[in-house]
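Working notes, beginning with the structure itself.
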Amino acid sequence: MKIPAVQSGLFKDVRGCMDAAALLVVTPPEGRTPIVVTSLNTVDSATGRRSVAAGSAPLNTEGADEAALRVVTVGGTDVDGNAYVIVRAGARLSDLSFEIRTSRISGKLHEQGTGCVHL
């Protein structure tokens with residue numbers, strides 16, 4: 001089963017894959033995409049810390065190397081505001097990182113006289 005490294009976030013694009021993979025439903029703040037899901041190294045039982053030696057679960061089937069197999073990028077959301085993400089079976093939710101990447105910031109960074117930062 002093919003699990004793309006780059007996904008649209010639309011439910012219609014992942015519904016055919018749900019039998020052989022895990023479906024994640026992510027609700028990002030409105031208008032904030034892309035979402036990058038990364039499989040972190042597993043916690044080593046001996047040290048209690050994340051470790052390269054403990055390994056990580058692959059999330060997609062398209063990556064060119066181990067690092068690329070650990071990342072899924074989701075470009076948008078469906079009409080309900082949720083991003084539907086499909087990852088390979090075996091990925092542990094506790095080992096996943098969800099990050100919203102943006103190249104611009106909108107809003108006021110400083111409101112004169114308040115000393116507060118507003119985004």
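Numbering starts at 1 and runs along the sequence shown.
Looking at every heavy atom in both residues, Ala68 comes nearest to Ala64 through CB-N, 3.7 Å. Minimum interatomic distance between Pro28 and Ile100 (heavy atoms only, all atoms of both residues): CB-CD1, 3.8 Å. Between Thr33 and Gly75, the shortest heavy-atom contact is OG1-O, 3.4 Å. Nearest approach of Gly90 to Ala57, heavy atoms of both residues: O-CB, 4.0 Å. Of all non-hydrogen atoms in Thr73 and Pro34, the two that sit nearest each other are CG2-CB, 4.1 Å.
Heavy atoms of other residues, nucleotides or ligands lying less than 6.0 angstrom from CD of Glu99 number more than 12.
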**Request:** Could you go through the side-chain contact (heavy atoms from CB on, under 4.5 Å) check for Leu59 and Leu96 one step at a time?
**Result:** CA-CA 10 Å; Leu59 299 182; Leu96 297 181; 3.7 Å; yes
**Request:** Check step by step if side-chain contact (heavy atoms from CB on, under 4.5 Å) holds for Met1 and Thr61.
**Result:** CA-CA 8 Å; Met1 162 118 349; Thr61 59; over 6 Å; no
**Message:** Between Val85 and Val87, does the side-chain contact (heavy atoms from CB on, under 4.5 Å) criterion hold? Intermediate values first, please.
**Reply:** CA-CA 7 Å; Val85 185; Val87 298; 4.2 Å; yes
**Request:** Please step through side-chain contact (heavy atoms from CB on, under 4.5 Å) for the pair Asp13 and Gln7, ending with a clear verdict.
**Result:** CA-CA 8 Å; Asp13 293 339; Gln7 300 178 19; over 6 Å; no
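The hydrophobic cluster around Val71 extends to Val36, counting ILVMFWY residues whose side-chain heavy atoms fall within less than 4.5 Å of a member.
Hydrophobic clustering of Ile, Leu, Val, Met, Phe, Trp and Tyr side chains at less than 4.5 Å, counting indirect connections, unites Ile3 with Leu23. Residues Val74 and Leu93 share a single hydrophobic cluster, defined by chaining ILVMFWY side chains whose heavy atoms lie under 4.5 Å apart. Note on Ile35: it does not cluster hydrophobically with Val6, by side-chain heavy-atom contacts below 4.5 Å among ILVMFWY residues.
Side-chain contact, Thr27 with Asn82: a donor N or O sits under 3.5 Å from an acceptor N or O. Looking at Ser56 and Arg70, their side chains do bring a donor and an acceptor atom within 3.5 Å of each other.
A search for ring pair (Phe, Tyr, Trp, His ring centres under 6.0 Å) contacts involving Phe11 returns Tyr84, not counting sequence neighbours. Lys12 pairs by the salt bridge (Lys or Arg N to Asp or Glu O under 4.0 Å) definition with nothing, not counting sequence neighbours.
Looking only at distances, no side-chain donor or acceptor of Thr77 sits under 3.5 Å from a matching main-chain atom of Ala83. No donor-acceptor pair closer than 3.5 Å links the side chain of Thr38 to the backbone N or O of Leu40. Of the possible polar contacts, one joining the Asn60 side chain to the Gly63 backbone as a donor-acceptor pair under 3.5 Å is found.
To the nearest 0.5 Å, atoms CG (Leu10) and CG (Asp78) are separated by 5.0 Å.
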